Amino acid sequence: MYFIANWKMYGDLKSLKSLDKVIKFANYHKRKKIMIIYCPPYTLLHSFQNKIKKTKIFLGAQNCHAELSDGPFTGSISPKMLKRIGSKYVIIGHSENRFEGETDLQINKKIKSCIKCGLNVIFCIGETHSQKKKKITSQILKNQITTGLKKIKFSNKIIIAYEPVWSIGTGLIPKLYELDKNVNFIKKVLKKNLKIKNPKVLYGGSVNPKNVKNLRSIAGIDGFLVGGASQKANNFIDIVKKTII
Ligand code: PEP
């Protein structure tokens with residue numbers, strides 16, 4: 001099971017302290033099959049890496065430029081830079097970036113560069129509220145998957161995070177039967193259209209210690225991408241505990 005902490009645009013050096021508890025917890029449960037990945041803002045990647053390098057926790061970034069290597073792109077960070085700093089993972093296609101104008105084509109280029117560079121990709125997909133109301137969720141998900149992963153030799157380096165846009169940061173989660181249906185649909189598309197044998201699909205959107213047991217009951221879910229609730233160590237640990245114990 002994957003547990004990915006997305007700190008979004010929050011956190012400073014003082015917030016690193018909250019990692020102590022999580023490191024202790026991860027060490028204690030090192031024999032369990034859990035993957036804890038922290039995705040702090042760029043400004044904290046280096047300090048995070050120093051703190052977690054000898055632990056069971058992995059480092060990830062929240063985005064990157066589509067260009068593989070260094071270049072004249074003011075304000076951007078390349079996949080190679082992330083690799084050099086110790087990142088193993090990178091979130092691509094988060095709805096908060098799509099909202100800022102990131103297109104499926106750019107997402108596809110970013111994923112290609114990240115894979116070339118040896119990074120693992122957490123590829124976010126999900127429908128908006130109006131798309132859900134129009135009952136075109138399956139069509140949207142299929143489109144996002146096939147355009148985002150076009151001409152990419154899919155490997156176990158890509159993990160899908162299904163995040164309904166209307167669920168992110170709202171406290172709302174899908175009905176369990178809907179979630180089950182959508183996760184199965186995503187896995188079906190990955191298996192049938194992209195010939196992936198054992199695709200990994202995570203759920204993200206308002207996951208918290210109270211709702212995680214219910215969400216966990218969906219058999220096809222391979223873990224969670226957690227935003228708000230990952231910023232407090234106790235909440236994040238609780239989410240992991242309630243999933244694995
Ligand atoms: C996210 O940032 O991907 C996310 C799911 O946020 P939240 O858990 O706060 O809804």
Side-chain angles (χ1 to χ4, degrees), residues 1-11 15 18 22 35-45 48 57-64 87-102 104 107 110-111 114 119-129 131-132 137 140-141 144-145 148 158-176 178-179 182-183 186 200-216 218 220-243:
M1 289 296 279
Y2 288 84
F3 299 90
I4 301 176
N6 174 17
W7 271 21
K8 311 192 187 219
M9 200 168 71
Y10 296 100
S15 22
S18 73
V22 185
M35 285 287 292
I36 295 180
I37 301 156
Y38 263 86
C39 303
Y42 292 135
T43 50
L44 294 178
L45 283 172
F48 258 69
I57 297 175
F58 294 88
L59 186 69
Q62 297 174 17
N63 199 358
C64 66
S87 271
K88 295 269 185 286
Y89 291 82
V90 56
I91 297 173
I92 300 288
H94 194 284
S95 65
E96 284 155 10
N97 293 324
R98 290 180 190 258
F99 186 72
E100 296 280 339
E102 189 177 61
D104 284 321
I107 290 169
K110 288 183 183 190
I111 297 178
C114 290
L119 288 164
N120 296 285
V121 173
I122 300 148
F123 173 32
C124 300
I125 57 171
E127 80 285 3
T128 62
H129 188 243
Q131 289 163 342
K132 175 177 156 58
T137 297
I140 296 296
L141 296 177
Q144 289 175 339
I145 296 171
I158 300 171
I159 298 165
I160 304 290
Y162 170 53
E163 301 206 297
V165 181
W166 51 270
S167 177
I168 297 179
T170 58
L172 304 170
I173 58 166
K175 293 200 172 68
L176 292 185
E178 281 173 340
L179 184 54
N182 292 340
V183 167
I186 293 166
K200 296 273 176 269
V201 179
L202 318 184
Y203 168 76
S206 295
V207 177
N208 63 40
K210 284 193 182 138
N211 61 23
V212 74
K213 270 233 144 135
N214 269 342
L215 292 167
R216 175 65 190 106
I218 307 293
I221 289 179
D222 301 297
F224 299 103
L225 174 48
V226 187
S230 71
Q231 281 152 34
K232 286 214 168 89
N234 285 345
N235 283 341
F236 193 51
I237 290 171
D238 246 22
I239 288 173
V240 183
K241 267 192 193 158
K242 287 185 172 151
T243 309

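Remember, predicted model here, so these are calculated numbers, not experimental data. Along the sequence shown, the residues carry numbers beginning at 1. Note that ligands are numbered from 1 as they come in the structure, with each ligand's atoms numbered from 1 the same way.
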**Q.** Residue and atom name of the nearest protein heavy atom (relative to atom 9 (O) of ligand 1), distance in Å to one decimal
**A.** G228 N, 2.8 Å
Q: Write out the residue and atom name of the closest protein heavy atom to atom 8 (O) of ligand 1, then the distance separating them to 0.1 Å.
A: G227 N, 2.9 Å
Q. For N208, what residues pass the side chain to side chain donor-acceptor pair (under 3.5 Å) criterion, not counting sequence neighbours?
A. none
Q: Check for a donor-acceptor pair, side chain of Q62 on one end and backbone N or O of K8 on the other, with a separation under 3.5 Å.
A: yes
Q: Taking the side chain as every heavy atom from C-beta outward, state whether I91 and F123 have any atom pair closer than 4.5 Å.
A: no
(Q) Just verifying a value: how many Å separate K210 NZ and K242 NZ, rounded to the nearest 0.5 Å? (A) 8.5 Å
Q) What about G169: any of its N or O atoms under 3.5 Å from an N or O on ligand 1? A) yes
Q) Which value, rounded to the nearest 0.5 Å, describes the distance between L215 atom CG and I173 atom CD1? A) 4.5 Å
Q: Any atoms of ligand 1 less than 4.0 Å from a non-hydrogen atom of I168? List them with their elements.
A: 4 (C), 6 (O), 10 (O)
Q. Is there a nitrogen or oxygen of T170 sitting under 3.5 Å from a nitrogen or oxygen of ligand 1?
A. no
Q.
Residue-level breakdown please: for N6 versus ligand 1, do any non-hydrogen atoms fall below 4.0 Å on the side chain, on the backbone, on both, or on neither?
A. side chain
Q: Tell me, please: is A229 in heavy-atom contact with ligand 1, that is, under 4.0 Å?
A: no
Q: Quick one: look up the protein heavy atom nearest atom 1 (C) of ligand 1 and list residue, atom name and how far away it is.
A: H94 NE2, 3.2 Å
Q: Please state whether the rings of F58 and Y89 are parallel, tilted or perpendicular, taking 30° and 60° as the class boundaries.
A: perpendicular
Please report, to 0.1 Å, the donor-acceptor pairs under 3.5 Å made by any side chain of residues 225-239, with sequence neighbours excluded.
unit_1, atom_1, unit_2, atom_2, d
S230, OG, V226, O, 3.2
S230, OG, G227, O, 2.7
N234, OD1, K21, NZ, 3.1

Q. Heavy atom under 4.0 Å from ligand 1: found in E96's side chain, backbone, both, or neither?
A. neither
Q.
Students should be able to answer this: which protein heavy-atom is nearest to atom 5 (C) of ligand 1, and at what distance?
A. E163 OE2, 3.0 Å
**Q.** Numbered atoms and elements of ligand 1 in range of G205, under 4.0 angstrom, heavy atoms
**A.** 5 (C), 10 (O)
(Q) Any non-hydrogen side-chain atom of W166 less than 4.5 Å from a side-chain atom of K132? (A) yes
